Amino acid sequence: MINSDFLSSYIKKERQAKPILIMAHLVLGYPDFKTNHEQVDVMVKAGADIIEMQIPFSEPIADGPVIAKANQLSLARGTKIQDCLDFAQKVTTRHPKKAFIFMSYVNILFMRGIANIISQSEKAGIKGWIVPDLPPEEADVYLAECAKHKISPIFIYAPTHSLARLKTLANYSKGMIYAVARKGITGGKTNFNQELIERLTIYRKIAKKPLAVGFGISQAEDVDFLIGKADIVVIGSKLIEVLDEGGLTALDLFLRKIRGNH
Amino acid sequence: MINSDFLSSYIKKERQAKPILIMAHLVLGYPDFKTNHEQVDVMVKAGADIIEMQIPFSEPIADGPVIAKANQLSLARGTKIQDCLDFAQKVTTRHPKKAFIFMSYVNILFMRGIANIISQSEKAGIKGWIVPDLPPEEADVYLAECAKHKISPIFIYAPTHSLARLKTLANYSKGMIYAVARKGITGGKTNFNQELIERLTIYRKIAKKPLAVGFGISQAEDVDFLIGKADIVVIGSKLIEVLDEGGLTALDLFLRKIRGNH
Amino acid sequence: MKLKYDSYYGSFGGRFNPEILHGVFTELTETFEKVKADNNFWLEYEKILKNYSGRPTPITEATNLTAHFKGAKILIKREDLNHTGSHKIDNVVGQGLLAQRMGKKRLIAETGAGQHGVAVATIAAKLGFSCTIYMGEIDAKRQRPNVFWMEKLGAEVIEIKSGSRTLKEAINEAFRDWVNNPKDTHYLLGTACGPHPFPSLVAWLQSIIGKEAKRQMIKDYQKLPTKIIASVGGGSNSLGIFQEFIEHKEVGLVAVEAAGLGVDTDNHSMRLTANKGTVGIAQGYKTLFFQDEEGQMRKTHSIAAGLDYIGVSPILAYLVEKKRIDCAAISDKEALIAAKLTMRKEGIIPALESAHALAQAFKEAPKMDKKDIILVNLSGRGDKDIFNFGDLFFDKKWQTFIKQKAANQIESKI
Amino acid sequence: MKLKYDSYYGSFGGRFNPEILHGVFTELTETFEKVKADNNFWLEYEKILKNYSGRPTPITEATNLTAHFKGAKILIKREDLNHTGSHKIDNVVGQGLLAQRMGKKRLIAETGAGQHGVAVATIAAKLGFSCTIYMGEIDAKRQRPNVFWMEKLGAEVIEIKSGSRTLKEAINEAFRDWVNNPKDTHYLLGTACGPHPFPSLVAWLQSIIGKEAKRQMIKDYQKLPTKIIASVGGGSNSLGIFQEFIEHKEVGLVAVEAAGLGVDTDNHSMRLTANKGTVGIAQGYKTLFFQDEEGQMRKTHSIAAGLDYIGVSPILAYLVEKKRIDCAAISDKEALIAAKLTMRKEGIIPALESAHALAQAFKEAPKMDKKDIILVNLSGRGDKDIFNFGDLFFDKKWQTFIKQKAANQIESKI
Ligand SMILES: Cc1ncc(COP(=O)(O)O)c(C=O)c1O
Ligand SMILES: Cc1ncc(COP(=O)(O)O)c(C=O)c1O
């Protein structure tokens, strides 16, 4: 099992050289695929280690306003699942040293056919999947297909979880555990405080897997704070805001600033 | 009894010279008492035999729009009951050969005190009273006071009345019976037809009293029609309309036209 | 002290009609006497109200208001839950059945605020009458939603453009219609006022409220209320709940009038309150009126359209004279505050009329013992008052909404 | 065939939540299991609905409509007579009591048209919760009267200005609030949709409608109806009346969806109707959605705000799949015509949602035997729809009224 998990090995390897890895998020088809290509190039060059690509959905219930709006606009432009798979194929080929994962909502997988989309993902060079509205209890087929196609199914830790729940999720999650830093949904303000430190300590003990921390990371200091406490920082809404406001140059600058510090 | 009834004798006497008498109506205080004086002068000179003077009331439920509005405007100008009594005193003195009657609603009498207002009416030279919302069943005091003060209480015949009701009312009514030519309330259009003729024939038989016909009389032809079928025509709303539109001159002309024909 | 449903109650009541109405009132009185003696009529009446209007209406225990005022337990008789939203449905169902017995084909009515008009239009539709509602032009303008529903319910609404263009003109016009169509038409008067037999008839029909309440009190609380409080427009909802308790001397009965801008102003609708109304005879009956010393009616005012009336039921006038019923007066402002509090504390939006009764209960409850019970007759729901509430609370968002609606009137898609 | 109130109904239902909601749903499910097994809970629930909302609601015999269509006898279950004007009160009372058992101090809810928001604000006031209602900015603009009442009932109404600014944004925001306040807050979902246990919980609470109806049918008609017809938004009123009859195979059950501008257009809200909805997973549960082939939700349309929804109760989806429930679809225009006819013939103003069920009954009745009985669930009253009716009937006088109101906004006197 452990050997078949590309993502774990990749993260372990990268972490030897870096105090913390960066997972950069984008919404596919927003603002458009051409920009997405350049976006990924910038991310990779500026030092992102993992690229999380969201396939847009009309009801992104776990996303905050910024990402929800990006989903909406991407769909309004006509983005299809196949476009996303084709895009993945291209960027994974172009950046073979980086890890790419998909994120989307369960209906996208369900309507395409779970077996179909997981196998297609593998072919497109994708290493992991995050499906925020698919708890392990509902995920039999998904888990089986992921195993079959060497895709790491990544589950999420929430601040409200009981120890029992943390253990259950650790059992199912591969590659990493994605910990939500604050209550609520993506894109708001997080308190990087003692309570968070304690939580992350517990997570580490239970998960025994690389720990990614996301939601609300918006500046270099946040990343600093997490060094030693997590393996990966996830930057989502902030990157879209930066891109929306300052374009690719601003994105590059922002990521370099974060990366440059470490 | 019959001897004490001034109005019956007066009507009988006048009818010897005229095929039909005219009862002209005005609302006291409308448009103002000064005009009322001139109005009465015109009516008398033009040949009216009986003047029906209405003391205004805020809820004139038996009156149509024209008279109702005159009531309202008179009150708005501040007309008081005493003004009406004083006015009556003056006009009855000035025109001793004519008969004057009062018309108002029961609350005016009730609030002033029935004994009071009836005796004051007598003093002011009034010969009869019409109170459309005081049926004989509720009229004990009123009837007693009228008898005491030689005032004729005049009751009203309606097209909807049963023979029994006609008889009852005939028993109480003095001076005349006031017959409503059409259903509904003052001031609309009446059909002067066969049905009315039959009704008046019955009324005559039962009432055995001078018969006044009112409501809806608006032209000389209407008066012609009633000759031989009634003793008195009552002209109400029409006279107010004529005055409102053409002033005292028009009123004079209108009445002369009606009188002149006979 | 038992009511006889007679033409006079003490010196109040009677029938002071123009002669032209003699016939229709004779017929109506005879039919009323008949159905009063016929138990089947009452059973049919109760059955329709049960199946069509959801009677019996419940009594809700106002636990939060009770706790708030720390005195008597406050109970609320929920007439607001009736079909069309108030106690008015009882009277229209009852008179509708009466009109059927008389073989009438058409109902007519006057309406001021429009509530009674909607109720009549409703029952005309249900019982298969054609229907004409008279309404002063000014009232129709103010109460457009009710006009809208009356028309959709199939009634013809005639706006009176003469005279004061309000309720009294509408009444005159309705009477005029009636005397022109005595055979096929019944005039469905809306409250326990007017010439006999209307006060008796309407009070009798509305007595269903108190009959229910008494049964419910005994079943659920094993005792009668210490006090019953109801608002008074014409008197139908208050008499409706009071009558059954008149013989129970231990039950206090409080009739609440509208003090409008204040008891010391001229802008109110008080008639029962000492020195405010005086005995007079108008609109066909003898009662306490808000009038001047010469008998001219004065201008009434209340925030609650249904309380804004010059006369009052002769039955109430009599019972107040006999001191069996106490009276009280509540200002516009007090009523609004009571309405607000009832919304917040009990989740009930009272009609502004009913809010007067609530306000009085809120005054009395703190002075009473925790073992005491106040039963408030909540005569109707307040949805109808949104335009008043909206204006009176000076709600900015609401006003913007109305402005936008006006700007974007859309054409029918269909 | 008896419903188990489980997380799955056949292949429909489940719980597809973001992990962050795991805790609150676990707690809710456990409490639901507990109260379901506790007969005292149901008794308390029934008692509040009786004393506060006037349940049982009656069944009215629509004699005039029956005569008009010359077929099956048409009966109407009168949910419109409930407090706040629809069946929604059942669910909010039930979940309110549940929240009390969980020791919560605060209720939150999403609302689209505002009806559910008003019901939640009402019960929050009555049961002493603080209350926040989330509403899309566009919806809040359209439904200002409901916003007005929610605020007067003491609720805080938060208008969502992001995304589509309609219902789905409001739901997201409500969930966000819930996960931030899991200890003191209960999220009171408005219909039998969403992640388990909401479909089971809401269907169970609303089953009171059918329980009453069955009792009433047997008592008053000595038989069960031939068919029961109800409109479907999320599915709470239809399941509410259907459940008790599922075991009675002889009773036909018809769920009526909104065909909007027509079954052959793209502007509708059909999900149960064959080839209109397809199985998907969204908003936390698996059911039939109105979606495209890639699983993106499509834009729904209905004249009735309460029917205008992308998903449907998984319990209904299951029962339709099992052919225990038939489905039908009614267009905006058909619903309006049915509403008009019901007003004229029965004096009842139906909610536009309920008018869909009526329209279907009017289609079926003439084809049925006079001995047959159709029971229509009239889920709510139509007063709330005056702005829609007014616009849609293109009523000139109404539009003038709105213009004048806008022109004469008066300042508070107080
Ligand atoms: C809700 C409500 N309550 C009270 C009244 C007052 O009338 P009454 O005294 O006849 O009950 C009205 C009259 O329209 C009303 O609509
Ligand atoms: C009156 C009425 N009927 C029906 C519905 C549809 O919802 P459901 O299918 O949950 O009963 C609504 C929803 O708001 C409603 O307000």
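All values below were derived from every heavy atom in this structure, side-chain atoms included, with hydrogens, water molecules and symmetry-related copies excluded. Note that this is a predicted model, so its numbers are computed, not measured. Reminder, nothing fancy here: chain letters follow the sequence lines and each chain counts from 1.
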Under 4.5 Å from any heavy atom of chain C - which part of [X]:
X: D:A62; result: backbone
X: D:D80; result: side chain
X: D:I59; result: backbone

**Prompt:** Counting only heavy atoms not in C:K384, do more than 12 fall under 6.0 Å of its NZ?
**Reply:** yes
**Prompt:** Testing D:T60, D:L81, D:I76 for side-chain contact (heavy atoms from CB on, under 4.5 Å) with C:Y52, which one passes?
**Reply:** D:T60
**Side-chain touch D:H83/C:I348, heavy atoms, less than 4.5 angstrom** = yes
**Prompt:** Looking at C:D383, C:T57, C:T84, which one has more heavy-atom pairs under 4.5 Å with chain D than the rest?
**Reply:** C:D383
**Prompt:** Under the salt bridge (Lys or Arg N to Asp or Glu O under 4.0 Å) rule, what pairs show up with a residue in residues 113-125 of chain D, not counting sequence neighbours?
**Reply:** none
**Asked** chain C: which of D:R381, D:K141, D:K50, D:Q216 shares the most heavy-atom pairs with it under 4.5 Å?
**Response** D:R381
Using heavy-atom distances under 4.5 Å, tell me whether [X] contacts chain D through its side chain, its backbone, both, or neither.
X: C:R78; value: side chain
X: C:T342; value: neither
X: C:R55; value: neither
X: C:K345; value: backbone

**Request:** Heavy atoms only: give me the nearest C:E151-D:R344 pair and the separation to one decimal.
**Result:** O-NH2, 3.4 Å
**Complete:** Nearest heavy-atom approach of D:P58 to C:N51 is CB-O, 3.6 Å
**Asked** Atom CG in D:D220, atom NZ in C:K47: separation rounded to 0.5 Å?
**Response** 8.0 Å
**Fill in**
In this structure, CH2 of D:W149 is separated from CD1 of C:I349 (nearest 0.5 Å) by 5.0 Å
Per-pair distances, 0.1 Å, donor-acceptor, side chain in residues 121-131 of chain C, under 3.5 Å, sequence neighbours excluded:
unit_1: C:T122; atom_1: OG1; unit_2: C:V118; atom_2: O; d: 2.7
unit_1: C:K126; atom_1: NZ; unit_2: D:E61; atom_2: O; d: 2.8
unit_1: C:K126; atom_1: NZ; unit_2: D:E346; atom_2: OE1; d: 2.5

